[in-house]
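Below is one structure, written out as structure tokens; the observations come after it.
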Amino acid sequence: MSEASTQHPPGRGMPPGGLAPGTPVAGRFTKWGGGRHWEWVGRYLGADEHGHWWYSPAGTRCARPGADFLESSGWVSLVPHEGAYAAGFYPAHREVSVYVDMTTEPVWQRRGAAGSDSGPVWEVTMVDLDLDVVLTRDGHLYVDDEDEFAEHRVELDYPPEVVALAEQWRDRVHEAVAAG
């Protein structure tokens with residue numbers, strides 16, 4: 001990661017110059033319509049040409065309605081400077097190497113006063129749009145949850161532009177992961 005985040009676009013809502021390395025960051029996915037989805041907290045690492053990175057160590061609490069657990073190993077998350085996805089990169093002992101959620105464009109925002117005990121001051125939020133590009137450790141690359149995307153497209157009434165956004169980024173991310 002470069003120390004100077006100012007060399008890269010700040011991302012929607014990211015302050016100029018980025019965040020200080022080590023800043024706690026909450027990752028928060030919702031579902032279309034505002035329903036809660038995955039939430040976790042990590043530490044900001046910095047930014048490079050790909051986007052903003054943060055690390056969540058083993059023992060990180062991952063929660064969503066119906067699931068709440070402590071992760072057994074750490075991982076690194078990435079949200080791009082531009083684009084509609086969020087990626088997770090996992091250690092060598094995990095079956096999945098890369099997992100990319102298609103989302104609305106991630107938005108950075110302050111969520112509390114500096115120094116407060118109410119948790120991280122910064123969060124990045126995005127709406128999970130079901131489609132996922134997954135690369136396994138043995139090199140199998142596939143798109144997951146296409147059935148869920150088809151169902152939610154109707155049930156949750158995804159607007160045509162949201163469907164197009166998810167499909168566009170699914171294809172672009174799939175191509176990029178396939179290219180290494």
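Side chains included, hydrogens not; waters and symmetry mates left out as well; all remaining heavy atoms used. Since this is a predicted model, take the numbers as computed values, not measurements.
- When the side chains of ILVMFWY residues are joined at heavy-atom separations under 4.5 Å, either directly or via intervening members, Phe69 and Tyr90 end up in a single hydrophobic cluster.
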Quiz item: Is there a ring pair (Phe, Tyr, Trp, His ring centres under 6.0 Å) between Phe29 and Trp38 once you walk through the steps?
Solution: CA-CA 5 Å; Phe29 284 98; Trp38 287 113; 8.7 Å; no
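- Applying the side chain to side chain contact (heavy atoms under 4.5 Å, CB included) criterion to Asp171, with sequence neighbours excluded, gives no partner residue.
- By the 4.5 Å heavy-atom criterion applied to side chains, Val41 and Val25 are not counted as neighbours.
- At a threshold of 4.5 Å between non-hydrogen side-chain atoms, the residues Ser97 and Phe89 do not count as touching.
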Exercise. Applying side-chain hydrogen bond (donor to acceptor under 3.5 Å, both in side chains), run through Thr30 and Arg36 and close with a yes or a no.
Key: CA-CA 5 Å; Thr30 62; Arg36 291 180 70 181; over 6 Å; no
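- Inter-residue side-chain proximity for Glu82 and Pro80 is flagged as unmet; no heavy-atom pair is nearer than 4.5 Å.
- In this structure Glu123 satisfies the side chain to side chain contact (heavy atoms under 4.5 Å, CB included) test together with Ala26, Arg28, Gln109, Arg111, Thr125, sequence neighbours excluded.
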Exercise. Under the side-chain contact (heavy atoms from CB on, under 4.5 Å) rule, what do Leu131 and Trp169 come out as? Steps first, then yes or no, please.
Key: CA-CA 9 Å; Leu131 295 172; Trp169 284 100; over 6 Å; no
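- The two atoms that bring Arg170 and Val133 nearest to each other are O-CG2, 3.8 Å, heavy atoms only.
- His52 and Trp108 have perpendicular rings, their planes meeting at more than 60° on a 0 to 90° scale where under 30° would count as parallel.
- The shortest distance between side-chain heavy atoms of Tyr158 and Phe149 falls below 4.5 Å.
- Residues Val163 and Glu161 have side chains not in contact (no heavy-atom distance under 4.5 Å, counting atoms from C-beta outward).
- Grouping the Ile, Leu, Val, Met, Phe, Trp and Tyr side chains by contacts below 4.5 angstrom, directly or via other members, places Val107 apart from Trp53.
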Quiz prompt | Verdict with supporting geometry, Asp68 and Arg61, side-chain contact (heavy atoms from CB on, under 4.5 Å) | solution = CA-CA 7 Å; Asp68 191 334; Arg61 179 177 179 244; 2.4 Å; yes
Exercise. Test Trp54 against Leu78 for side-chain contact (heavy atoms from CB on, under 4.5 Å), laying out the working first.
Key: CA-CA 7 Å; Trp54 76 101; Leu78 166 73; over 6 Å; no
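- Considering only heavy atoms from C-beta on, Pro159 comes within 4.5 Å of Trp32 through its side chain.
- Between Arg153 and Glu167 there is a salt bridge, since at least one side-chain N of the basic residue sits less than 4.0 Å from a carboxylate O of the acidic one.
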Self-check item: From CA spacing to verdict: side-chain contact (heavy atoms from CB on, under 4.5 Å), Val127, Thr103
Solution: CA-CA 5 Å; Val127 177; Thr103 67; 5.9 Å; no
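- Under the 4.5 Å side-chain criterion, counting only non-hydrogen atoms from C-beta, Arg43 is in contact with Pro24.
- Atom NZ of residue Lys31 and atom NE2 of residue His37 lie 4.5 Å apart, to the nearest 0.5 angstrom.
- Residues Trp122 and Arg110 meet the side-chain proximity criterion, which asks for heavy atoms closer than 4.5 Å.
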